[in-house]
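Just below is one structure, and these are the notes that go with it.
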Amino acid sequence: MVATPLQTSQSEEIFATAQKLMPGGVSSPVRAFKSVGGQPLVIDRVNGAYIWDVDGNQYIDYVGTWGPAICGHAHPDVINGLKEVIDKGTSFGAPCVLENVLAEMVIDAVPSIEMVRFVNSGTEACMSVLRLMRAFTQRDKVIKFQGCYHGHGDMFLVQAGSGVATLGLPDSPGVPKNVTSNTLTAPYNDLEAVKALFAENPDQIAGVILEPVVGNSGFIPPDAGFLEGLRLLTQENGALLAFDEVMTGFRISYGGAQEKFGVTPDLTTLGKVIGGGLPVGAYGGRKDIMSMVAPAGPMYQAGTLSGNPLAMTAGIKTLELLQKPGAYEQLDKMTKKLVEGLVSIAKENGHAAYGNSISAMFGLFFTNDAVHDYEGAKKSDLQKFARYHRGMLEQGIYLAPSQFEAGFTSLAHTDEDIDQTLEAARKVMANL
Ligand SMILES: *Cc1c(COP(=O)(O)O)cnc(C)c1O
């Protein structure tokens with residue numbers, strides 16, 4: 001489905017112009033191909049499990065617009081739903097009944113959520129939940145984990161320098177030190193480190209926020225007991241536990257990682273899947289905490305386009321599709337086949353490889369050791385990953401252009417798509 005060698009002259013021309021108009025030519029840095037070399041493809045259209053670039057090449061897609069496309073791109077139910085509501089207008093700036101519908105679906109699905117507020121992105125959801133944790137506990141400090149991404153809010157842009165991981169140094173120019181000085185960090189899956197932070201900062205920690213299954217340093221699941229341990233530690237210390245399920249919500253299972261692992265946080269952030277491909281985020285949790293949010297309570301947070309009928313519709317239609325019996329079993333089985341196949345093909349060709357998946361989320365690292373945290377993820381052979389990425393692209397397989405991103409499958413991926421992907425991997429891994 002792609003020409004050999006890959007023809008991308010249209011992409012190159014459009015991207016050259018884009019670079020003059022927008023920083024780096026992209027609207028979000030993850031779309032650049034900086035860590036794998038080459039330049040991004042300019043996409044013309046998407047459908048089901050496939051994307052087409054402007055040169056007409058067709059690829060099997062494992063990025064899924066970074067998470068939302070769990071039912072496949074441009075699902076007819078979603079598109080037709082949008083067509084039905086769009087004639088009534090795109091945004092009301094006033095309550096609409098569709099907000100109730102999606103809110104009820106979210107509250108029914110996610111164990112921790114008794115009340116929910118819709119926003120427009122995962123970043124907004126995480127910034128709001130941080131403010132809420134601080135408002136509720138009247139404490140300022142927060143613990144996050146190395147390699148966990150919670151959007152680009154100042155307080156979350158903290159690089160976890162090894163050894164001085166708790167120092168809270170800003171990750172980006174423009175983030176003042178005093179803004180991140182209340183952000184404490186620990187290695188993922190390290191309960192002892194969290195215990196130590198609580199001991200060093202008695203009665204000062206508002207809460208702990210984490211990706212309950214990490215997708216933003218590659219795919220890293222929680223070790224047995226880690227989530228349970230955090231639940232206990234936060235309770236013992238009068239702090240709140242927030243699961244950032246922007247990526248895992250409605251992906252790891254219908255009720256998210258919290259349902260899958262049976263650990264209920266106080267607060268949860270959502271995004272990606274619940275927007276069905278439109279800009280949506282949400283945060284929710286215990287009713288007593290959510291009652292602090294304006295206008296019910298004093299914690300201010302607002303949004304001009306929040307809860308608009310188009311975004312709500314795309315979310316509702318997507319969740320309806322995910323309610324079909326067997327959806328997650330199908331995703332789990334297919335993704336396992338993919339990852340197990342990739343790992344064994346890598347090993348057959350003499351490459352160190354470690355892979356893992358839950359439901360429709362997976363990762364492949366070029367290292368033999370099981371990956372439990374960001375440090376472990378960084379041991380992957382990044383140059384090899386770059387060659388693998390390029391090779392797969394040339395075989396018509398579209399992977400995230402970074403080792404430190406999870407892969408995503410969808411209900412639209414067929415057995416043949418997986419077979420074709422493994423066939424491509426056989427060719428690529430033989431020449432890495
Ligand atoms: C994508 C992501 C975010 C940020 O969401 P945006 O909609 O890109 O702002 C936050 N947290 C996690 C875990 C994410 O994967």
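Being a predicted model, the structure only gives us computed values, none of them experimental. One-based numbering, in listed order, for ligands and for the atoms of each.
- Near Ser121, with a cut-off below 4.0 Å to any heavy atom, the atoms of ligand 1 are 7 (O), 9 (O).
- Not a single heavy atom of Glu245 sits less than 4.0 Å from an atom of ligand 1.
- For ligand 1, the polar-atom distance check finds no N/O of Glu211 at less than 3.5 Å from any of the ligand's N/O atoms.
- When only non-hydrogen protein atoms are considered, atom 3 (C) of ligand 1 lies nearest to Val246 CG1, 3.7 Å.
- Annotation for ligand 1: atoms under 4.0 Å from non-hydrogen atoms of His150 are 10 (C), 11 (N).
- Every ring-ring contact (aromatic ring centres under 6.0 Å, His included) that His150 has, sequence neighbours left out, goes to Phe156.
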Give the intermediate values and the outcome of side-chain contact (heavy atoms from CB on, under 4.5 Å) for residues Phe408 and Arg251. CA-CA 9 Å; Phe408 299 124; Arg251 176 166 289 277; 3.5 Å; yes

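- Between Glu192 and Lys195 a salt bridge is recorded (basic side-chain N to carboxylate O distance below 4.0 Å).
- Looking at atom 7 (O) of ligand 1, its nearest protein heavy atom turns out to be Gly122 N, 2.8 Å.
- Distance from atom 2 (C) of ligand 1 to its nearest protein heavy atom, with residue and atom name: Lys272 NZ, 2.6 Å.
- Ring centroids of Phe261 and Phe243 are separated by 6.0 Å or more, keeping the two rings apart.
- Note that the CE atom of Met334 and the OG atom of Ser359 stand 9.0 Å from one another [nearest 0.5 Å].
- For atom 9 (O) of ligand 1, the nearest protein heavy atom (residue, atom name, distance) is Thr123 OG1, 2.6 Å.
- Remark: the Gln258 side chain and the Glu245 side chain contain an N/O donor-acceptor pair separated by less than 3.5 Å.
- Numbered from 1 in the order shown, with element, the atoms of ligand 1 that lie under 4.0 Å from a heavy atom of Asn216 read 12 (C), 13 (C), 14 (C), 15 (O).
- When each atom of ligand 1 is checked for a heavy atom of Met247 under 4.0 Å away, the hits are 15 (O).
- Regarding atom 11 (N) of ligand 1, its nearest protein heavy-atom neighbour is Asp244 OD2, 2.6 Å.
- Checked against Phe404 for a ring pair (Phe, Tyr, Trp, His ring centres under 6.0 Å), the options Tyr374, Phe365, Phe219, Tyr149 give a single hit: Tyr374.
- A salt bridge is absent between Asp244 and Lys144: the closest approach of a Lys/Arg side-chain nitrogen to an acidic carboxylate oxygen does not fall below 4.0 angstrom.
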